[in-house]
Amino acid sequence: MKKLTGKWLEYSANDLAAARTLYQSSKPSFEIIAYHCQQSAEKNLKAILIEHNLTVPRTHGLKIVLQETSKISD
């Protein structure tokens, strides 16, 4: 695994941990929880792109980032 891929996966894990912590709070803010879940998913997809030497789009749009992963051929 590339070093940069690992960093993006670490960032993703941090967002997911934040979502879990917020969910377990006495008054969970579902908007903020959803935000961190979206960020985690986005960072995982971008890690996949990095690992496959593909360009990472500068967007937060999951649909766009997911479409880029269709360029992966194994």
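Worth saying up front: this structure is predicted, and the values here are computed from it rather than measured.
Using a 4.5 Å cut-off on side-chain heavy atoms (C-beta onward), Val65 and Pro57 make contact. Residues Leu9 and Lys43 have side chains not in contact (no heavy-atom distance under 4.5 Å, counting atoms from C-beta outward).
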Evaluation steps, side chain to side chain contact (heavy atoms under 4.5 Å, CB included), between Glu68 and Leu54 | CA-CA 8 Å; Glu68 288 299 308; Leu54 293 171; 5.8 Å; no

After noting the C-alpha distance and the side-chain angles of Leu49 and Thr55, does the key distance pass the side chain to side chain contact (heavy atoms under 4.5 Å, CB included) rule?
-> CA-CA 7 Å; Leu49 294 174; Thr55 302; over 6 Å; no

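Heavy atoms of other residues, nucleotides or ligands lying less than 6.0 angstrom from NZ of Lys7 number 12 at most.
There is no path of hydrophobic side-chain contacts, each under 4.5 Å, that joins Tyr35 to Ile33. Residues Ile50 and Ile72 share a hydrophobic cluster, clusters being chains of Ile/Leu/Val/Met/Phe/Trp/Tyr side chains in contact below 4.5 Å. No path of Ile, Leu, Val, Met, Phe, Trp and Tyr side chains, each step under 4.5 Å between heavy atoms, connects Tyr23 with Leu16, placing them in separate hydrophobic clusters.
Checked options His36, Gln38, Arg20; the residue passing with Asp15 is His36 (criterion: side chain to side chain donor-acceptor pair (under 3.5 Å)).
Between Asn44 atom CG and Thr5 atom OG1 the span is 11.0 Å, to the nearest 0.5 Å. For the atom pair Ser12 OG and Glu42 CD, the distance stands at 10.0 Å (nearest 0.5 Å). Summarising the geometry, atom CD1 belonging to Ile64 is positioned 4.0 Å from atom OG1 belonging to Thr59; distances are rounded to the nearest 0.5 Å.
When all heavy atoms are compared, the tightest approach of Trp8 to Ala47 is CB-CB, 3.8 Å. Scanning both residues, Glu51 and Met1, for their nearest heavy atoms gives OE2-CA, 3.5 Å.
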